[in-house]
Amino acid sequence: MLPVDFIESMRVQLGQEAELLLRALETEPVTSIRLNSKLDVLTFECDTDEVPWHIDGYYLSERPQFTLDPLFHAGCYYVQEASSMFIQQALEQYIDSSSVVLDLCAAPGGKSTLISEYLGADGLLVANEVVRQRVFVLSENIQKWGNGNTVVTHNTPEEFGERCRHLFDCILVDAPCSGEGMFRKDEQARSEWSLQTVRMCAERQRSILMDVWDALKPGGILLYSTCTFNEEENEKNVNWIAEVLGADVLPLDYDPSWGITEGQVGYHFYPHKTKGEGFYLCVLRKNSNEELQPVKMKTKDAGQKANPHPEYLPVMRSWLQHPDDWAIRYTDRFATAYPLKYKELIDWFSTRLTCISTGFGLGEERGRGIAPQHSLSMLKDLRKEAFPMVALTREQALSYLRTEALNLTDVPLGLLLLTYEGVPLGFAKNVGNRQNNLYPNEWRIRHL
Ligand code: SAM
């Protein structure tokens, strides 16, 4: 059942059209995925249809059991709600790929992986999540996506505003909201909704925006989005940003056949008109009358220790396709690689922010040697040929992903890179009488 006050408020907002929306909210949600450039082609047993506003987006006619697909665990695609892929259009129209972008409310990482893909090797993404329990799933999804161009942080909007003044070219605030657009997918969103929740969300959104605002460069771009329909959390907040914080609302080009509804400001996705769940996006440019006063970065010591064994360096570099693109930092026994182009900035972040990961785990000193970390196996810049590869069947792959014992025959001794349909899943070590499963325990498939 839809909440009565919600029905009433949509009737006020949309007039007669509200009946079409209310009916659409009682139908089944749509399943969609966005492909990773890790993989050239992906085949599903059901029919697929293209998401028109994102070149890598596809609708699936049925919802497969993604957990049973090893390619899902290898980060070959992200199960992402189709409407939210519209962020891509804003990036293409306003953001240079060599930008430094903050995704402030990032977990579980749907939009972060999209932005990371858009920026590629040119730009840098900071994917932040303030809720502790959610930051690890964000970090997992970022690692699985495999670009290595993302720093994952766990900070408050206020900390960004205070510590990163005028630093970001673009900030995405995909705000926590009352979730009306998720009513088809999420029973809890319906049961928790009330007019008071809408008011509370709208206030919290303004406080998040106010707190982070200083971190955006003058002239920088704010992408403001929600998955809710009401004007309190959408248009009214955007008008408040424009007037109180100081910004101009920018238009987006789109194809009329996509069924997007223009609000008084910004763009709505209503499920009775667009194929996807409810979504709202508005693009704003921060006024540039303020003088640019970026933080001064002093990066004497970013908490890194010198490599105790310089002979490991060429070994680790041999694991990468483009070793010269990466800087390497040591923390205790662990070596992390991160984009050389942004070395100074990332070193500075690591002293000023609570960084969960800065790039990707490259190597770990073990005994008298250096072993690759799991996240290297997910990296697109991995040089696969650096390791003996073993192709797994689907059953073997699922068993590996459940961290079960492996029974591989005729495989070389030592470290092995396990693949499924040519895509790396992770490492194992053949010690002769058995193979040690090195898949991260915290990522293992628990229920099938
Ligand atoms: N952008 C994500 C994606 O595409 O996968 C979805 C983000 S979800 C709509 C909003 C996020 O904001 C949640 O992860 C939530 O934990 C976080 N959040 C909640 N309260 C917050 C606050 N006060 N400041 C910043 N983020 C907050």
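Just so you know, these numbers use all the heavy atoms, side chains as well, and skip hydrogens, waters and symmetry mates. Remember, it's 1-based here, ligands and their atoms both numbered in the order they're listed.
Here Glu364 pairs with Arg333 in a salt bridge; the nearest charged N to carboxylate O distance falls below 4.0 Å. No salt bridge links Asp186 with Arg190; every basic N to acidic carboxylate O contact stays at or beyond 4.0 Å.
The list of salt bridge (charged side-chain N to carboxylate O under 4.0 Å, His left out) pairs with a residue in residues 41-62, not counting sequence neighbours, reads Asp49-Lys275. Every pair passing ring-ring contact (aromatic ring centres under 6.0 Å, His included) that includes a residue from residues 224-258 is listed here, sequence neighbours excluded: Trp53-Trp258, Phe229-Tyr270, Tyr254-Tyr267.
Under a cutoff of 6.0 Å and an axis angle of 45°, Arg34 and Tyr58 do not form a cation-pi pair.
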Ignoring hydrogens and angles, write down the donor-acceptor pairs under 3.5 Å from the side chains of residues 16-24, residues two or more places apart or on other chains.
unit_1: Glu17; atom_1: OE2; unit_2: His272; atom_2: NE2; d: 2.7
unit_1: Glu19; atom_1: OE1; unit_2: Arg11; atom_2: NH2; d: 3.2
unit_1: Glu19; atom_1: OE2; unit_2: Arg11; atom_2: NE; d: 2.7

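Residues with a heavy atom under 4.0 Å from ligand 1: Cys105, Ala106, Ala107, Pro108, Gly109, Gly110, Lys111, Glu129, Val130, Val131, Arg134, Pro157, Asp174, Ala175, Pro176, Ile208.
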